[in-house]
Amino acid sequence: MGLTKQYLRYAPTANFNIIASPSCNAVFVVLQGQEGRFVAVGGCEDVIVWDLRLGEKALIIPGEKHEVTFLAPSPDKQFLAVGYASGTINLYELSSADLVATFSGHRSAITCLAYDELGHRLASGSKDTEIIIWDVVAERGIHRLSGHKGPVTQVAFLNDRNILVSSSKDTFVKFWDLDTAHCFKTLVGHRTEVWSLILVKNGKYLVTGSSDSELRLWEIKDSNLKPGATPVVEEISGEDEQSDVASPITCTKAGSILRAGTGRVLGLSTDRDGSVLACFGIENFVELFEVRSDEEAKLKMKKRLKKQRKKDMSNPDLPSTEGNDANKDENALPALRDEIVRLPVIKYGGKVKSVSLAVGRGQELRVASALNNNRIELHTYSLSAKDQPQNLRVIENQGHHSEIRSVAFSSDCLATISGSAEALKIWNRPSLACLRTIKTDYILSLCFVPGDRHVIVGLKNGHMLIVDIAAGDILEDIEAHSKELWSISLLPDKRGCVTGGGDCTVKFWQFELIQSSESKAKVLSLLHTRSLKLEESVLCVRVSPNSRLIAVALLDSTVKVFYLDTLKFFLSLYGHKLPVTCMDISSDSTIIATGSADRNVKIWGLDFGDCHRSLFAHDNSVTGLRFVPDTHQFFTCGKDGRVKHWDADTFERILTLQAHHGEAWDLSVSPNGQYVVSCGSDRVLRMFSRTDEPLVLEDEREQEREEEENTAVDQSEETPVEGQSALHLPSKKTVGSEKAAEMLLECLEVGAAYGAELEQYQLSVKRTGQKSAAIPPPPAIMAAYRASTPSEFLQEILAKIKSSELEEALLRLPFSSVLQLLPHLIGLLEQPQQPHTELICRAGLFLVRVHHGPIMSTSSLLPTIRRLHMLASEKIAELKDLVGVNLHGFLYLQHEIESREGITLFTEATAQRKQRGKKRRGPTKRAILTV
């Protein structure tokens with residue numbers, strides 16, 4: 001076997017320039033015991049926690065491949081639920097950024113997440129129109145709620161009720177009874193999509209936002225449903241019409257809030273107590289509303305009625321009603337305008353994509369907003385002083401505010417420049433810090449001047465800028481072309497550059513130092529020496545490193561090659577079906593590679609202009625191409641978001657690097673070939689570095705095929721068991737569940753073989769009556785798990801399976817394996833002090849539920865099922881007794897500590913519970929003595 005060519009792997013190093021992704025929300029989180037200081041946002045596939053006091057990144061939770069779409073902090077402020085575009089939900093611990101649990105049940109992007117009041121359950125909504133309730137403690141799915149016909153936009157738990165409310169783009173708001181997992185009420189008052197909902201005033205009001213200019217308020221009350229009665233599905237046929245069908249709650253429209261914005265509502269947000277409501281739409285401002293308590297609302301109502309009486313008394317034509325005013329004021333109920341008060345509007349410099357609220361000490365309201373232009377702003381407002389909102393912090397210099405179109409490396413590989421529609425930024429490569437930001441027009445191309453002190457920038461309007469990096473100033477603005485300046489290429493002698501523009505010309509420039517008009521020092525300038533006029537627009541220009549040829553890519557899909565000294569025509573490279581958008585020449589000036597909008601990359605020889613090979617490179621247009629210095633390897637990027645590594649000698653694709661979430665516009669390779677940086681429409685600069693790890697193409701292709709199979713497994717919807725659709729499981733088939741099923745099958749097979757050996761050994765002992773022969777040793781895989789019997793081996797395998805994947809793994813087992821598994825479960829339950837009783841009972845109950853029909857039709861299995869039922873009941877009763885004893889033991893210890901120390905433990909939780917009980921029972925009427 002011949003030797004195979006090995007390469008060194010390029011691995012992702014860091015992502016920078018991203019401040020906040022517009023596709024994800026922003027939420028306040030608690031770090032270092034401080035609330036209102038840290039805000040978590042999505043940074044493509046990562047989660048970034050910003051310190052708003054210092055304006056720096058406090059924590060980065062790295063992701064894998066999929067973009068973050070939603071964040072939700074837990075009520076105890078210790079965990080953060082992260083939803084991804086793949087439908088997966090990860091649970092992280094904020095203090096350590098460790099992954100706690102993973103939930104896989106949705107088949108499309110997560111659109112909303114919500115915790116219940118205690119943080120024990122998590123509700124998730126997705127674009128697949130379904131809602132899943134997850135048990136955070138047991139790390140498994142509880143219910144899958146299906147009923148919406150459009151993507152779910154928001155979910156929320158009702159306080160003190162086992163009810164979930166959800167909104168969707170199907171114009172409906174649904175109420176779900178989580179005891180029976182069905183919808184018992186549907187609000188159909190909206191005529192267009194319901195984009196968001198929120199609960200305010202401790203769940204008294206439900207606020208919904210649609211595409212019109214008003215927010216609808218629905219009052220939620222407990223109904224007179226008798227205990228034990230089954231609620232029936234109820235639909236409200238109009239905004240104010242309500243059916244008489246029994247349901248746990250009643251929901252009537254209380255009124256509407258007129259918004260200042262005219263477009264659709266993008267989102268609603270509130271603080272933890274529901275005292276302040278924020279609404280934002282497609283406009284550049286956020287509207288705030290204060291939701292007052294019952295006492296404050298009554299006080300406001302009395303003041304309003306008093307003013308009304310004074311106004312009536314000033315009008316002598318109206319009849320006097322002074323005698324009945326006291327009784328009317330005492331029995332009157334506050335109006336909606338008494339409970340909800342409009343606060344000042346907060347204006348921004350861009351469209352608002354997400355808002356998070358936090359109320360601190362002294363009634364200080366903090367509003368953190370993530371904007372569409374890659375910026376975060378923090379405003380503060382005093383609810384007591386009623387001043388205008390103040391802007392405390394703006395995080396904007398750490399990233400571009402629009403798509404990045406061009407990147408380049410310095411000659412010493414220590415700096416990187418990037419250009420977008422509004423600015424040029426210089427980055428420190430080791431620290432990834434932004435050193436300079438220079439405001440410009442739309443940038444299409446750029447490069448470093450030899451010496452790395454200046455940058456040449458090509459603009460969309462055809463102008464060329466000379467930028468001084470140290471001063472951060474634009475030294476000169478040259479009208480180089482009348483149309484777009486698409487490409488800039490340095491001459492090999494480092495004495496000038498060549499530019500190509502949309503005005504069908506290629507211009508040659510020479511560096512020179514001129515006397516500055518402001519000071520005696522000389523500054524850099526460019527002198528136009530000659531021009532090359534062509535028939536089509538110039539899209540790209542490259543000069544061969546040997547200073548012999550210049551290649552020009554034209555709009556007619558051809559590449560013209562000229563002699564550099566005389567500008568005489570040499571070759572024409574034709575073969576692309578669409579225009580060539582990027583190209584590069586190797587360091588030895590023998591190969592030129594061209595990338596086109598026809599998704600192909602062609603490799604040509606510069607000696608005769610023959611096409612060596614045409615490669616199908618990307619699924620969309622090729623936008624960037626660069627050779628690695630001193631090699632025939634090159635990198636490409638395309639509008640499909642992928643960055644690929646190629647070998648021009650063997651015409652092999654070496655590696656496909658991490659993709660952008662959207663189009664990739666440009667890439668650059670460092671002069672030493674150690675680093676690669678790419679930019680794209682997701683506003684992320686991705687840095688890749690060459691490692692010492694060797695890469696073999698066959699192994700890489702095998703790994704890619706495995707990833708494709710795993711992706712196909714995640715997207716498949718096969719039903720391994722007849723009637724699985726009736727189960728309506730909250731989980732889905734994943735690669736982990738497939739591997740878990742294979743582990744179970746292997747465990748049963750190895751256990752059966754070893755059990756047969758033990759039986760053979762026992763028969764031989766009985767037959768001979770001697771124990772001279774040694775007991776057969778357990779198989780190697782059982783010894784690895786430190787198991788001596790098949791039952792212990794099965795116990796270790798079950799404990800190793802993730803809780804969220806257990807049902808899917810058991811669902812993959814054939815019925816013959818289920819018949820082998822059930823007796824082993826009985827043996828495990830018969831063991832004294834079994835640590836995994838709950839897990840074993842859960843597995844047995846699920847298997848009986850799934851295979852109920854075949855099991856009941858097999859009479860020989862009935863004794864096994866009866867034995868399993870009896871043991872499970874006994875073990876669960878023992879666990880309940882154990883939990884009860886422990887609970888009352890802790891209560892006794894609490895009582896002892898309180899009596900000995902003279903303190904009251906858990907006073908805050910007790911006070912909150914009493915307050916909720918008072919609100920549920922309603923206010924107590926008392927006599928009021930007025931002095």
Test: [X] and [Y] ion pair at under 4.0 Å:
X: Asp170; Y: Lys174; value: no
X: Asp222; Y: Arg161; value: yes
X: Arg107; Y: Asp128; value: no

Point-to-point distance, once rounded to the nearest 0.5 Å, from [atom1] of [X] to [atom2] of [Y]:
X: Phe280; Y: Lys353; atom1: CZ; atom2: NZ; value: 8.5 Å
X: Glu67; Y: Ser23; atom1: CD; atom2: OG; value: 3.5 Å
X: Thr102; Y: Asn90; atom1: OG1; atom2: CG; value: 4.0 Å
X: Asn284; Y: Leu371; atom1: CG; atom2: CG; value: 8.5 Å
X: Asn374; Y: Ile19; atom1: CG; atom2: CD1; value: 4.5 Å
X: Lys149; Y: Phe172; atom1: NZ; atom2: CZ; value: 6.5 Å

So which atom in [X] and which in [Y] form the shortest heavy-atom distance, rounded to 0.1 Å?
X: Leu197; Y: Ser166; result: CD2-C, 3.6 Å
X: Ser354; Y: Ala26; result: OG-N, 2.7 Å
X: Ser167; Y: Val194; result: CB-CG1, 3.5 Å
X: Leu113; Y: Ala72; result: CB-CB, 3.7 Å
X: Cys279; Y: Arg259; result: SG-NE, 3.6 Å
X: His106; Y: Ser126; result: ND1-CB, 3.2 Å

(message) Among Thr270, Leu383, Val200, which residue satisfies the side-chain contact (heavy atoms from CB on, under 4.5 Å) criterion with Val276?
(response) Leu383
(message) Please identify which of these residues, Thr69, Leu71, Val41, meets the side-chain contact (heavy atoms from CB on, under 4.5 Å) condition with Cys24.
(response)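 Checked Thr69, Leu71, Val41 against Cys24; only one passes side-chain contact (heavy atoms from CB on, under 4.5 Å): Leu71.
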Any donor and acceptor pair, going by atom type alone, linking the side chain of [X] with main-chain N or O of [Y] inside 3.5 Å?
X: Ser269; Y: Ala278; result: no
X: Arg144; Y: Gly105; result: yes
X: Arg191; Y: Val188; result: yes
X: Asp135; Y: Ile142; result: no
X: Lys201; Y: Arg292; result: yes
X: Ser356; Y: Ala368; result: no
X: Asp177; Y: Cys183; result: no
X: Gln390; Y: Gln388; result: yes
X: Glu283; Y: Thr262; result: yes

(message) Between Glu193 and Thr153, is the side chain to side chain donor-acceptor pair (under 3.5 Å) condition met? List the steps.
(response) CA-CA 9 Å; Glu193 297 92 342; Thr153 56; over 6 Å; no
Heavy-atom side-chain proximity of [X] to [Y] below 4.5 angstrom:
X: Val291; Y: Glu339; value: no
X: Tyr84; Y: Val68; value: yes
X: Ile340; Y: Leu277; value: no
X: Ile60; Y: Val47; value: no
X: Phe28; Y: Arg366; value: yes
X: Trp195; Y: Leu268; value: no
X: Ile131; Y: Trp176; value: yes
X: Leu288; Y: Leu365; value: yes

(request) With side-chain contact (heavy atoms from CB on, under 4.5 Å) as the test, would you mind laying out the steps for Val136 and Tyr115 before giving the verdict? (result) CA-CA 9 Å; Val136 178; Tyr115 276 95; 4.1 Å; yes
Looking only at the side chains, is there a donor atom on one of [X] and [Y] sitting less than 3.5 Å from an acceptor on the other?
X: Asp212; Y: Ser210; value: no
X: His66; Y: Thr88; value: no
X: Glu130; Y: Ser146; value: yes
X: Asp273; Y: Ser275; value: no

(request) Go through the structure and list residues passing ring pair (Phe, Tyr, Trp, His ring centres under 6.0 Å) with Phe70, not counting sequence neighbours. (result)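 Scan of Phe70 (ring pair (Phe, Tyr, Trp, His ring centres under 6.0 Å), adjacent residues dropped) gives none.
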(request) Given side-chain contact (heavy atoms from CB on, under 4.5 Å), test Ile376 with Arg393 step by step and report yes or no. (result) CA-CA 8 Å; Ile376 298 175; Arg393 171 72 66 177; over 6 Å; no
(request) Using the side-chain contact (heavy atoms from CB on, under 4.5 Å) rule, take Ile132 and Phe103 through it: C-alpha gap first, then chi angles, then the decisive distance, then the call. (result) CA-CA 10 Å; Ile132 300 180; Phe103 303 120; over 6 Å; no
(message) Looking at Lys127, I'd like to know if its NZ atom is crowded, meaning that more than 12 non-hydrogen atoms belonging to other residues, nucleotides or ligands lie closer than 6.0 Å.
(response)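 No, because the 6.0 Å sphere around NZ of Lys127 holds 12 heavy atoms or fewer from other groups.
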(request) Step through the shown structure and confirm whether more than 12 heavy atoms of other residues, nucleotides or ligands are within 6.0 Å of NZ on Lys57. (result) yes
(request) With side-chain contact (heavy atoms from CB on, under 4.5 Å) as the test, would you mind laying out the steps for Asp160 and Glu117 before giving the verdict? (result) CA-CA 8 Å; Asp160 300 328; Glu117 189 177 8; 3.5 Å; yes
(request) Could you tell me how the ring of Tyr348 sits relative to the ring of His379: parallel (under 30°), tilted (30 to 60°) or perpendicular (over 60°)? (result)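 Rings of Tyr348 and His379: perpendicular, over 60°.
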(request) Give the C-alpha distance, both sets of side-chain angles, the deciding distance and a yes or no for side chain to side chain donor-acceptor pair (under 3.5 Å) between Asn202 and Asn159. (result) CA-CA 7 Å; Asn202 294 318; Asn159 295 339; 4.6 Å; no
